[in-house]
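Just so you know, residue 1 is the first one in the sequence shown, and it goes up from there.
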Amino acid sequence: MKVFAMRLLLLATLCLLVSPWTSAWAQDDIATIEERAILAAVDKASPAVVRIETYAGQERVGELIAGEGPTTGLIVSEDGYILSSEFNFVQNPNSIIVSLPEGGRAAAQIVARDESRKLVLLKVKTDKKLPTPEIAPRDEFVVGQWTIAIGRTYGPDAPNLSVGILSAADRVWGKVVQTDAKISPSNYGGPIVDIRGRVMGILAPFSPQGGDAVAGAEWYDSGIGFAVPLSDVMPHLEKLKAGENLKPGLLGVSLKASDLYETPPEVAACPATSPAAEAGIKVGDKIVEVSGQPVVRQAQLKHLLGRKYAGDVVQVVVLRGEEQLPFEVTLTDEIRPYVNPFIGLLPLRGPGKEKGVVVRYVYPGSPAAEAGIEPGDRLTLLDGDEIPDAGSLSDQLAAFTFDEEITLTLLRGEEKKEVKIKLASLPTEIPAELPSALPDGVTPAGEGERPPVGPVDLKLAEEKNECLAYVPTTYDPQFTYGVVIYLHAPGEFDREKLLARWQPVCDQQQLILLAPQAADPAKWTPGEVDFISKALDDILANYNVDRSRIVAHGYQAGGGIAYLAGFTHRDRVRGIAAVDAAMPGRAAPADNDPVLRVAVYTTRPDKSPLAPAIKAGVDKLEKLKYPVTTVEHEGPGRYLNDEEFAGFLRWIDSLDRF
């Protein structure tokens, strides 16, 4: 590589020093060298690149049909093992045929899957040794170097190619590299190689927000392509050959919620059954090193752990007080779903600098009610630790799960009391009525210098979608405001009707309505989740938002995109409300999280064609221990009537419950 680079440098220098005629000649020579180098690299790697045909088993992904071959694979073992992208094997095709390098075709079977990096390992029966590629070490990857994508889909004799550069060496939490070579679905499973013909990785669709085997396929041929570094997978090849699926490795901690790219990774929750807890890591520890690599921010920790598989052993160093402590942790693939604990009360909102949490409402029959806690009590200590405010109490409770016992210290007037609480689990019932969330006589003034209020048309740079927001005209930055992200059903965005319904609600309950619109009024696309996220970021940047009351809400297809937006951006969204809408397969909810708490509201009309799918989604979420409120009614699918809408608003109003 160095020799080649020096030759290019020499030719470039000559171009600057000699006449225009000579310069043109030199440029031609550079092009010739580049072309020869690329062809030589392809010749070296392509014998290990095979064409794969699959039969039966298809799934539509937008305009694509996953599972519709032919596709590409890479031989990684001379005894007949082939790696490919999971994209073309999502539906477990009935028949897989591989065109072998020496000619002929052979049946193949799926041996195992890499569930972390979305690959499959195939095995063909052959008596001959198959050619295997030279592997490029990951530590030699350089952003800006040549990348050549190779597929073998249009025929077994000649490969199909595209050329680009390595755009990034560490994407999607360390699992993949990025290339700007155009990658089509028929190339998924093929390799990208360097200018020496060494395989850097296996091409596969990926999305920075995670998702299923087909997430990221919508970016095909866009110049945003991803590849799984082969050097990351090969150490685990024997496990795959033995039929053992590779799964993401889990440490088993939740971090203090904040900016991933600014905040150090401080452990906010650590379930007793997690590998981290079993190794001795505790709530409050700050992770400062993993596998010998220093960790300063949360994003660095996610990058280091994102490469690991279940079963991998990692060395973790934490800062506990002033002391650094080392731990050895064996990562796992599954942690028992977390059940959010529940005291049984709602906090009073409103401006105020006094520490503690003033009780607004006590749920009848809850642990708080049984312990004698009353509205107006001020909670000051949890197990002896100060409670600064409602947000802090939420973080403190994340260290517990239901059935555990805590001690609360509270003030009732001048009297100080201590009560023991056995925590319950978060309820799914909606209170029949709720008192005002603000102290008596306290209301937003709506005076002074403020960001725009009333109906606001948001303009987001480089976005063609339109977006309406409504901010109460009495908006006062001393108060916090919930956000309802309303996602319209296809063809049903009516600005005046929407404002007529939501304006009085927003004014009364300190809510901001955010109504992004699909670029095509007839349909939402999964890619528009990013636009929705940007619109929410705009609101968060300009208004004082209560982050415990941010809800993604939609009707029918709008409900589907609400699920997708909510679970994709669960670091910000605390509630998902889908009316007559099933959870799309692409939503892929992760396990319930102690810190990033998400509640779900859904309706299930018994005559709706979506009723079975809605129930299946609810069952899945309940299995993951999400609190799911389901409103059932007779008849076909429809939006909420007045009574249901009032209940839905109380559900939003109670999202900050403890």
Side-chain angles (χ1 to χ4, degrees), residues 37-55 69-89 93-114 117-138 140 147-161 186-204 227-246 309:
I38 290 169
L39 292 175
V42 173
D43 284 345
K44 180 178 177 180
S46 59
V49 183
V50 295
R51 184 174 190 258
I52 303 173
E53 297 164 78
T54 58
Y55 299 94
T71 186
T72 302
L74 179 74
I75 299 168
V76 291
S77 178
E78 61 183 19
D79 53 349
Y81 288 94
I82 297 166
L83 278 174
S84 185
S85 164
E86 192 179 16
F87 178 81
N88 278 297
F89 301 90
N94 295 333
S95 177
I96 304 169
I97 303 296
V98 175
S99 298
L100 297 175
E102 74 275 13
R105 303 163 78 219
Q109 291 184 325
I110 297 174
V111 177
R113 296 175 187 264
D114 181 338
R117 289 175 166 84
K118 304 197 295 187
L119 301 178
V120 295
L121 183 71
L122 308 175
K123 175 71 170 70
V124 294
K125 288 185 178 179
T126 176
D127 298 329
K128 297 181 179 179
K129 289 185 178 181
L130 301 183
T132 57
E134 181 181 353
I135 301 170
R138 184 162 177 165
E140 293 185 14
T147 55
I148 307 163
I150 304 177
R152 198 185 285 279
T153 53
Y154 301 117
D157 298 329
N160 40 287
L161 310 173
S186 57
N187 283 9
Y188 292 150
I192 57 167
V193 303
D194 63 14
I195 201 67
R196 298 183 184 181
R198 303 181 302 176
V199 171
M200 302 171 69
I202 307 287
L203 297 163
V228 177
L230 191 55
S231 56
D232 285 1
V233 181
M234 291 304 286
H236 303 273
L237 184 61
E238 293 306 315
K239 282 186 179 178
L240 290 168
K241 283 183 175 180
E244 183 178 341
N245 290 344
L246 300 180
Y309 291 103

Using side-chain heavy atoms (C-beta onward) and a distance below 4.5 Å, is Leu130 in contact with Val124?
yes
Are Ser84 and Ile52 side-chain neighbours, meaning at least one heavy-atom pair lies under 4.5 Å?
yes
Check against side-chain contact (heavy atoms from CB on, under 4.5 Å), Leu230 and Leu74:
CA-CA 10 Å; Leu230 191 55; Leu74 179 74; 3.9 Å; yes
Between Arg198 and Glu140, is the salt bridge (charged side-chain N to carboxylate O under 4.0 Å, His left out) condition met? List the steps.
CA-CA 11 Å; Arg198 303 181 302 176; Glu140 293 185 14; 3.0 Å; yes
From the list Pro70, Pro159, Ser99, Pro101, side-chain contact (heavy atoms from CB on, under 4.5 Å) partner of Arg152 resolves to Pro159
Correct closest heavy-atom pair for Ala204 and Lys118 would be CB-O, 4.4 Å
Report the residues that fulfil side-chain contact (heavy atoms from CB on, under 4.5 Å) with Ser77, sequence neighbours left out, ordered by chain and then residue number.
Asp79, Tyr81, Leu237, Lys241
Kindly indicate, with the supporting measurements, whether the criterion side-chain contact (heavy atoms from CB on, under 4.5 Å) is fulfilled by Ile38 and Ile195.
CA-CA 6 Å; Ile38 290 169; Ile195 201 67; 4.0 Å; yes
Just by modelled atom types, is the Thr153 backbone N or O under 3.5 Å from a matching donor or acceptor in the Arg51 side chain?
yes
Run the side chain to side chain donor-acceptor pair (under 3.5 Å) test against Arg105 and tell me which residues pass, sequence neighbours left out.
Glu53
Quick one, Ile192 and Ile148 - any side-chain contact, counting heavy atoms below 4.5 Å?
no
With side chains defined as the heavy atoms from C-beta onward, is the minimum distance between Tyr309 and Val233 less than 4.5 Å?
yes
For Gln109, is the CD atom crowded, meaning more than 12 foreign heavy atoms sit under 6.0 Å from it?
no
Side-chain touch Thr72/Ile150, heavy atoms, less than 4.5 angstrom:
no
